[in-house]
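Take a look at the structure below.
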Amino acid sequence: MTVGVREQPRGADSPRPRPGARPGLVGWLTGLAVLAGVGYRLWLLLHAAPPTNSDEATMGLAALHIARGEGFPVWFYGQQYMGALEAYLAAPVFALAGGPSLLGLRLPTLVLYALFLLLAWRLTLRLTGDRWFGLLMVALLALGSDRIVKNQLIAGGGYPEMNAAGAALALLAVDLATGRPGRRPADAGRPGGRTADTGRPGRRLARWGAWGFLAGLMLWVDPLVLPYVAATGAVLLGFCRRELWGAAGALLGAAAVLGAAPLLLHSLLTGRNPLHAVLAASGANASAGWPDRLHGGLVLGPGLGMGFCAPGQCGTWQLWWALALPLLLAIAAATAWRALRIPDPGPAGSAAVGPDAVSPRVVAAARLALVLAAVATLTAYAVSSSAGLTPVESSRYLSCLLISLPALLWPVWTVARHGLRPAATGRRGVGSTLARSVAVVLLAATLGTATHATWRAAETVPATRAAEARHTELVNTLRQLGVRHVRAGYWTCNRLTFASAEQVVCAVVDDTLRPGFDRYPAYRREVDSAAAPAWVAPAGSPLAEVLDERQRVTPGSLDLVTIEGWRIYLPR
């Protein structure tokens, strides 16, 4: 199939509208798909979905401290990796709104998703020139399974911003490699055509600076996107290496240092290596067998991480993507490599005209870079212990694979629309018809499976909203009781503190009532100094059973207040 894929000229079937022309059918449909994707996620946010947790509340507390000017954290509280960028983005929202809220914390992540959707659409057009394929990509990315919307909307650190940054890095790399000095754009000299980038040094240098800053920023925020930084950087090195020895390289380096400044300064001041913390978090200090790692990384991981599974599980029929993904990676890599080896025909050989004209070799290199970045991401996850120990929750580590989706599906789309390359007789054989049918089925299955997973995720919204209402009642009850300090489990504490805007301060305990992991030690100190902290536990939890047993052993030591879903124990 890789030798028979017809590499259609970019834009051959998608004529570009004249300046000022009204958008055609594909333009309107693409706009509706963008609105649907953003609108669906806004609807989720307004219904307190996806469900929040104490990790997200920790980021919210950091944003609250920044908004008040009480602290400016470098890392996510309680660890030495994963930059607190989301807290800095939410802090102005809290300041303008007059206080913290879950919606205010997530509004920046919604903006980041919308930015990713637009960047992915733009990148798809730059790589293929096919607006109908761009519509397909927008439609796929507008869907959102349980794992996908959690990655995109929960402000738990790193995930919402990685995809937007990765798509931007790829798009900047394509633009810089296409308009490199000494190469005349395809439409230069035509009426309305653009001039060479060498005539706009300010804009070109700004792109170099933007790429460097984003690369450095992602080094601070989350290392999971580094395969895409390296792959798109390789494209720049391959096509612009001479330029990198001059002002462009100096600007890129300075911008990268600026983006990574929080990480670099913290490492210099404390002498700590954030790489050690990253390896520990990935399961390097734990033990998982290779069968478990490979099953979690290569069987469960792709379906969960790329949005083809129901909330928290993958049905057997949904695991087909685990078989399709390696084939798609191989076909996409092979077709991109073949195209890369063809000599650049120069400006006259570029099918696309106008501001979107891109060298075919740059397109091929960019597609190959996206495929290799996906392979590196999948391999790193499959060999980590996290894939074997916590395969469902850790599938979020595959979030960046969505950046590579245009490169993965482009060969399939090409076969679906045009079939395989005709034989020497000029007639398409049975093999071409069969390949076209398989490609159409694959695209339909991809859309259908993602749509089903999105529908299943939407079905959980009423239960999520009801659980959030019960938590709101818990916060109101504690306020009415005059409770200021409590002890609770990890997944209760910071969520409770954030929801009450620190009017209720919580210290973590484990299920044996011993001190647990407090991400913000100041809360522990405040609770320990309080006269009689209360206890809070979810109804039916092991912590609630231990506290109920204490009541039975020492009657009268605790007063019990119950509300739906929660138990509050007040010391006498």
Geometric class of the Trp43/His47 ring pair [parallel <30°, tilted 30-60°, perpendicular >60°]: tilted
Mutual orientation of the aromatic rings belonging to Tyr88 and Phe72 [parallel < 30°, tilted 30-60°, perpendicular > 60°]: parallel
Side-chain donor-acceptor pair under 3.5 Å between [X] and [Y], yes or no?
{"X": "Thr449", "Y": "Trp320", "result": "yes"}
{"X": "Tyr569", "Y": "Arg550", "result": "no"}
{"X": "His485", "Y": "Tyr523", "result": "no"}
{"X": "Thr454", "Y": "Tyr40", "result": "no"}
{"X": "Asn163", "Y": "Tyr228", "result": "no"}
{"X": "Tyr81", "Y": "Asp222", "result": "no"}

N/O donor-acceptor pair under 3.5 Å between [X] side chain and [Y] backbone:
{"X": "Tyr520", "Y": "Gly78", "result": "no"}
{"X": "Ser529", "Y": "Glu526", "result": "yes"}
{"X": "Asp146", "Y": "Ala457", "result": "no"}
{"X": "Glu56", "Y": "Gly156", "result": "no"}
{"X": "Ser101", "Y": "Gly104", "result": "yes"}
{"X": "Thr390", "Y": "Glu393", "result": "no"}
{"X": "Thr232", "Y": "Ala170", "result": "no"}
{"X": "Trp220", "Y": "Val74", "result": "yes"}
{"X": "Ser54", "Y": "Arg495", "result": "yes"}
{"X": "Arg147", "Y": "Leu304", "result": "no"}

In the structure I gave you, are the side-chain heavy atoms of [X] and [Y] within less than 4.5 Å of one another anywhere?
{"X": "Arg106", "Y": "Glu86", "answer": "no"}
{"X": "Val93", "Y": "Leu103", "answer": "no"}
{"X": "Leu224", "Y": "Tyr159", "answer": "yes"}

Qualifying residue, where the test is side chain to side chain donor-acceptor pair (under 3.5 Å) with Thr58 and the options are Thr497, Asn53, Asn494: Asn494
Spacing of OH belonging to Tyr381 relative to CG belonging to Leu401, to within rounding of 0.5 Å: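 With rounding to 0.5 Å, OH (Tyr381) is 11.0 Å from CG (Leu401).
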Rounded distance [0.5 Å steps], OG1 in Thr492 versus NE2 in His471: 7.0 Å
Test log, rule salt bridge (charged side-chain N to carboxylate O under 4.0 Å, His left out), inputs Arg456 and Glu459: CA-CA 5 Å; Arg456 290 293 307 276; Glu459 287 181 327; 3.5 Å; yes
Residue of the set Leu481, Val475, Val483 for which side-chain contact (heavy atoms from CB on, under 4.5 Å) holds with Arg479: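 Going through Leu481, Val475, Val483 one by one, the side-chain contact (heavy atoms from CB on, under 4.5 Å) with Arg479 is satisfied by Val475 alone.
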SB check Glu502 Arg68 (cutoff 4.0 Å):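 Yes, charged N to carboxylate O under 4.0 Å.
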